[in-house]
Amino acid sequence: MASAKPKKKNPRLASGRKRVRQNTKINAANTSLRSKYRTAVKNVEKAVLTGDKTKATELFAKMQAVVDTIADKGIFHKNKAARDKSRLSSKVKALALAA
């Protein structure tokens, strides 16, 4: 029989209990923002795949704002944000040139 995950103990000190409360709140906020980032990137990629030039450029502008704010907050590294923007920008530009 496989053993279950060990149960986490509650911290005794008030500062430790507060830290647990803060961590859960911050974790939820970061998870939400990470999801927002990934959704914005996916939406641009879908628009590029469908070949919709106007929608892709519009979504790309929105995606840039989302990516920049999330990189500034430190949820993703700035270099990852720059890399994603660069790759999507080249895809959108190629779409504009192809049509």
Peer 1: Do Arg83 and Arg87 make a side-chain contact, defined as non-hydrogen atoms from C-beta onward lying under 4.5 Å apart?
Peer 2: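 Sidechains of Arg87 and Arg83: in contact.
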Peer 1: For the atom pair NZ (Lys78) and CG (Asp68), what is the distance rounded to the nearest 0.5 Å?
Peer 2: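 That separation rounds to 8.0 Å.
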Peer 1: Determine whether Leu13 and Lys18 satisfy the following criterion, side-chain contact (heavy atoms from CB on, under 4.5 Å), listing intermediate values before the conclusion.
Peer 2: CA-CA 9 Å; Leu13 298 177; Lys18 181 178 179 181; over 6 Å; no
Peer 1: Donor-acceptor pair, Thr69 side chain versus Ala65 backbone, under 3.5 Å?
Peer 2: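 Yes, the answer is positive, given that a donor and an acceptor are paired below the 3.5 Å cut-off.
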Peer 1: To check you understand the geometry: which heavy-atom pair defines the closest contact between Leu95 and Ala47, and what is its length?
Peer 2: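 What the structure gives for the nearest pair is CD2-O, 4.5 Å.
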Peer 1: Going by salt bridge (charged side-chain N to carboxylate O under 4.0 Å, His left out), name the residues that satisfy it together with Lys55, two or more places apart in sequence or in a different chain.
Peer 2: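 Expected list: none.
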Peer 1: How many angstroms lie between atom OG of Ser35 and atom NZ of Lys42, to the nearest 0.5 angstrom?
Peer 2: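 With rounding to 0.5 Å, OG (Ser35) is 7.5 Å from NZ (Lys42).
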Peer 1: side-chain contact (heavy atoms from CB on, under 4.5 Å) for Tyr37 and Asp84? Distances and angles first, verdict last.
Peer 2: CA-CA 10 Å; Tyr37 178 101; Asp84 285 348; 2.6 Å; yes
Peer 1: Name all residues meeting the salt bridge (charged side-chain N to carboxylate O under 4.0 Å, His left out) criterion together with Lys46; count only those two or more places apart in sequence or in a different chain, and write none if there are none.
Peer 2: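 Salt bridge (charged side-chain N to carboxylate O under 4.0 Å, His left out) check on Lys46 returns nothing, list empty.
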Peer 1: What's the spacing between Ile70 CD1 and Leu33 CG if we round to 0.5 Å?
Peer 2: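 So the CD1 of Ile70 and the CG of Leu33 are separated by 5.0 Å.
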Peer 1: Would you check, one step at a time, whether the test side-chain contact (heavy atoms from CB on, under 4.5 Å) holds for Asn43 with Met63?
Peer 2: CA-CA 9 Å; Asn43 287 340; Met63 186 270 312; over 6 Å; no
Peer 1: In this structure, are over 12 heavy atoms from other groups packed under 6.0 Å from Arg19 atom CZ?
Peer 2: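 No, the 6.0 Å shell around CZ holds no more than 12 heavy atoms from other groups.
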Peer 1: Between the side chain of Arg17 and the main-chain N/O of Arg12, is any donor-acceptor distance below 3.5 Å?
Peer 2: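 Side chain of Arg17 to backbone of Arg12: a pair is present.
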Peer 1: For the atom pair CG (Leu59) and CD (Gln64), what is the distance rounded to the nearest 0.5 Å?
Peer 2: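 The CG atom of Leu59 sits 12.0 Å away from the CD atom of Gln64.
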Peer 1: Is there a side-chain contact (heavy atoms from CB on, under 4.5 Å) between Arg38 and Phe76 once you walk through the steps?
Peer 2: CA-CA 11 Å; Arg38 291 178 178 147; Phe76 282 117; 4.1 Å; yes
Peer 1: With no hydrogens and no angle check, just 3.5 Å: does a side-chain donor-acceptor pair link Asp52 and Thr54?
Peer 2: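 A pair is found: one side chain offers a donor N or O, the other an acceptor, under 3.5 Å apart.
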Peer 1: So, taking the atom named CG in Leu97 and the one named NZ in Lys53, what distance separates them when rounded to the nearest 0.5 Å?
Peer 2: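 Output value for this atom pair is 9.0 Å.
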